[in-house]
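These notes are about the structure you will find just below.
Below, chain A is the first sequence line, B the second, and so on; all start at residue 1.
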Number of protein chains: 2
Amino acid sequence: MKHAHRSGCPINLTLEALGDRWSLIVIRDLMFGNRRRFRELLTRSEERIASNILADRLARLEKAGLISRRDDPGHKQKIIYSLTEASIALVPLLAHMGGWGLRHTPASKELSVRAKILEDGGPPLWSEFMEELRHLHLGAPAPAESVFARLQSAYEAALAEPATASPNG
Amino acid sequence: MKHAHRSGCPINLTLEALGDRWSLIVIRDLMFGNRRRFRELLTRSEERIASNILADRLARLEKAGLISRRDDPGHKQKIIYSLTEASIALVPLLAHMGGWGLRHTPASKELSVRAKILEDGGPPLWSEFMEELRHLHLGAPAPAESVFARLQSAYEAALAEPATASPNG
DNA sequence: CTCCATGCTTGCAATTTGCAACCGGTTGAG
DNA sequence: CTCAACCGGTTGCAAATTGCAAGCATGGAG
């Protein structure tokens, strides 16, 4: 073990777990992008994470209890990554990050749509979404409605809009 | 300029601005620790940031519009760092980080007290605190009550408690 | 048996971090 | 006035981390 914690401050400890440029990107893709396998996480997001860094982050996040790995039954080579209760608990945090980002950074309109829905929905929508993630990732019973589908379709609708150009890929 | 943004996703852009191990520590100390000068930020927090890294982060945060620098009138050598509206807008995010940290990391009891108050207070308390930060950092009119003092005294009370040992300095 | 996709690993260069010492100017005490 | 302490940083350097490109053993499809 390299070193102990820098301090017992909860903000610091959260930063020690998640404070880098990639960890939350991986969690974001698992959470909102429905990417559950290595190759999907590697190639299907715009930020183009390198494979060694993705491997490192997946290992670290698993050790920290923020994701879990399991074999894909019937496909011995494939592995399925899932969120855990701890990372599902990050939904409000990511919602706030999205909200802050769309107000204080040059976020693209298309990708902001989902952030806006999540922010406007507030805690009730977050809970609903978290329940849905528990279903998708932890095998909990299925909730009634799909926030996930709603986010997805809003994004696609934004993409299809004619007049607005995308500042970023 | 080295490179453009990795993507227009608001979460990614927030991460590009704040996603490292030190930026939010600096903002945390400005926000909750009332540390407004270089030496205070350097020596008075437990995480012991190195001076070159602190200098780098202060410069980057200033360029990003998250803090501002000004000379201390009457003390030619001293400089006062302040939060901006953009970083004051991070109060809910930091509150959530603290809340997540105290539930999912081995946070020390004493340092968790403030996180707990902030979390329990919710959006109304955050707004009150933000108004207070606008007063302290932006020169806005003074609000009625001091959340800051309340956080501080709760922390000191927790420190004074006899029975609980601190897991971390 | 061939061929492609799987989740990674390896080698290497470039950047970032962390540590410790140091620096010129300023201040306040004596 | 003198001088030590303090101010916001720099500088040099080693170690760790990141980013890029290529490669690798295995599994399954055809």
Side-chain angles (χ1 to χ4, degrees), chain A residues 1-7 12 15-26 29-30 33-64 67-82, chain B residues 1-7 12 15-26 29-30 33-64 67-82:
Chain A
M1 192 152 289
K2 186 75 55 53
H3 69 301
H5 294 297
R6 300 185 301 193
S7 85
N12 171 62
L15 237 36
E16 289 189 24
L18 301 167
D20 70 88
R21 297 176 105 63
W22 291 113
S23 296
L24 281 175
I25 292 286
V26 172
D29 286 350
L30 279 165
N34 203 31
R35 281 160 212 142
R36 305 290 296 272
R37 286 173 305 158
F38 192 93
R39 274 306 212 270
E40 293 175 341
L41 291 164
L42 186 65
T43 61
R44 298 235 319 257
S45 68
E46 311 189 17
E47 291 89 6
R48 313 240 112 237
I49 188 171
S51 61
N52 53 348
I53 296 183
L54 176 58
D56 177 78
R57 290 302 182 278
L58 288 170
R60 282 217 251 176
L61 289 172
E62 190 193 5
K63 194 151 77 173
I67 63 175
S68 67
R69 287 168 43 108
R70 73 185 138 89
D71 294 343
D72 185 341
H75 264 274
K76 283 183 185 169
Q77 212 173 9
K78 291 186 181 177
I79 287 185
I80 301 177
Y81 291 98
S82 301
Chain B
M1 195 152 287
K2 187 71 57 55
H3 70 300
H5 294 298
R6 300 185 301 194
S7 86
N12 171 61
L15 238 37
E16 289 189 23
L18 301 167
D20 70 88
R21 297 177 109 62
W22 290 112
S23 297
L24 281 176
I25 292 286
V26 172
D29 285 350
L30 278 165
N34 203 31
R35 282 162 211 142
R36 306 288 296 271
R37 287 173 305 162
F38 193 92
R39 274 313 212 263
E40 293 175 341
L41 291 164
L42 186 65
T43 61
R44 297 237 320 258
S45 68
E46 312 189 16
E47 291 87 7
R48 314 239 108 237
I49 187 171
S51 61
N52 54 347
I53 297 183
L54 175 57
D56 177 78
R57 290 303 182 279
L58 287 170
R60 283 217 250 176
L61 289 171
E62 190 193 6
K63 194 151 78 176
I67 63 175
S68 68
R69 288 170 41 109
R70 74 185 137 90
D71 294 342
D72 185 342
H75 212 293
K76 282 181 186 169
Q77 215 173 4
K78 289 186 180 176
I79 287 185
I80 301 178
Y81 291 98
S82 300

Which nucleotide in the set [options] lies at the smallest distance from any side-chain heavy atom of [X]?
{"X": "B/Ala50", "options": "C/dC19, C/dC8, C/dT6", "answer": "C/dC19"}
{"X": "B/Asn52", "options": "D/dG8, D/dG28, C/dA20", "answer": "C/dA20"}
{"X": "A/Arg69", "options": "C/dT9, C/dG7, C/dA21", "answer": "C/dG7"}
{"X": "A/Ser51", "options": "D/dA22, C/dT6, D/dC7", "answer": "D/dA22"}

[X] has an atom [atom1]; how far is it from atom [atom2] of [N], in whole Å?
{"X": "A/Ile53", "N": "D/dC20", "atom1": "CD1", "atom2": "P", "value": "8 Å"}
{"X": "B/Arg36", "N": "D/dC7", "atom1": "CZ", "atom2": "P", "value": "16 Å"}
{"X": "B/Asp20", "N": "C/dT17", "atom1": "CG", "atom2": "P", "value": "7 Å"}
{"X": "A/Arg70", "N": "C/dT6", "atom1": "CZ", "atom2": "P", "value": "17 Å"}
{"X": "A/Arg35", "N": "C/dG7", "atom1": "CZ", "atom2": "C1'", "value": "18 Å"}
{"X": "A/His75", "N": "D/dA29", "atom1": "NE2", "atom2": "C1'", "value": "10 Å"}
{"X": "A/Arg6", "N": "C/dC19", "atom1": "CZ", "atom2": "P", "value": "11 Å"}

- Taking atom types as they are modelled, is there a donor-acceptor pair under 3.5 Å from the base of C/dG25 to the side chain of B/Gln77?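 Under the 3.5 Å cut-off, the side chain and the base do form a donor-acceptor pair.
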- Task: Could you pull out the closest heavy-atom pair between B/Phe38 and B/Leu54, with the gap in Å?
- Result: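 Closest approach of B/Phe38 to B/Leu54, heavy atoms only: O-CD2, 3.6 Å.
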Would you say a side-chain N or O of [X] is under 4.0 Å from OP1 or OP2 of [N]?
{"X": "A/Arg48", "N": "D/dT18", "result": "no"}
{"X": "A/Arg37", "N": "C/dA5", "result": "no"}
{"X": "B/Trp22", "N": "C/dG18", "result": "yes"}

- Message: Mind checking if B/Arg21 touches a base, just sugar-phosphate, or nothing, with heavy atoms under 4.0 Å?
- Response: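 Since no nucleic acid heavy atom lies under 4.0 Å of B/Arg21, the category is nothing.
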- Message: Tell me if a side-chain donor or acceptor on A/Arg35 pairs with a main-chain N or O of A/Arg44 at a distance below 3.5 Å.
- Response: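 Flag set: sc A/Arg35 to bb A/Arg44 pair under 3.5 Å.
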- Ignoring hydrogens and geometry, is there a side-chain-to-backbone donor-acceptor pair from B/Arg57 to B/Val26 under 3.5 Å?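 Flag not set: sc B/Arg57 to bb B/Val26 has no pair under 3.5 Å.
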- Report the distance from atom CD1 of A/Ile80 to atom CG of A/Leu30, rounding to the nearest 0.5 Å.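 Separation between the atoms: 11.5 Å.
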- Query: Is A/Asp72 salt-bridged to A/Arg37, going by a charged N under 4.0 Å from an acidic O?
  - Reply: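 Looking at A/Asp72 and A/Arg37, the cut-off is not met.
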- Between A/Arg57 and B/Ile79, which is nearer to the 5' end of DNA chain D once each is assigned its nearest nucleotide?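 Counting from the 5' end, the first nearest nucleotide belongs to B/Ile79.
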- Query: Hey, which of these two, A/Asp56 or B/Ala55, hits DNA chain D nearer its 5' end, going by closest nucleotide?
  - Reply: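 Between the two, 5'-proximity favours B/Ala55.
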- Message: Go nucleotide by nucleotide along DNA chain C from the 5' end; which of A/Glu40 and B/Lys76 gets its closest nucleotide reached first?
- Response: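 Going by which nucleotide is closer to the 5' end, it is A/Glu40.
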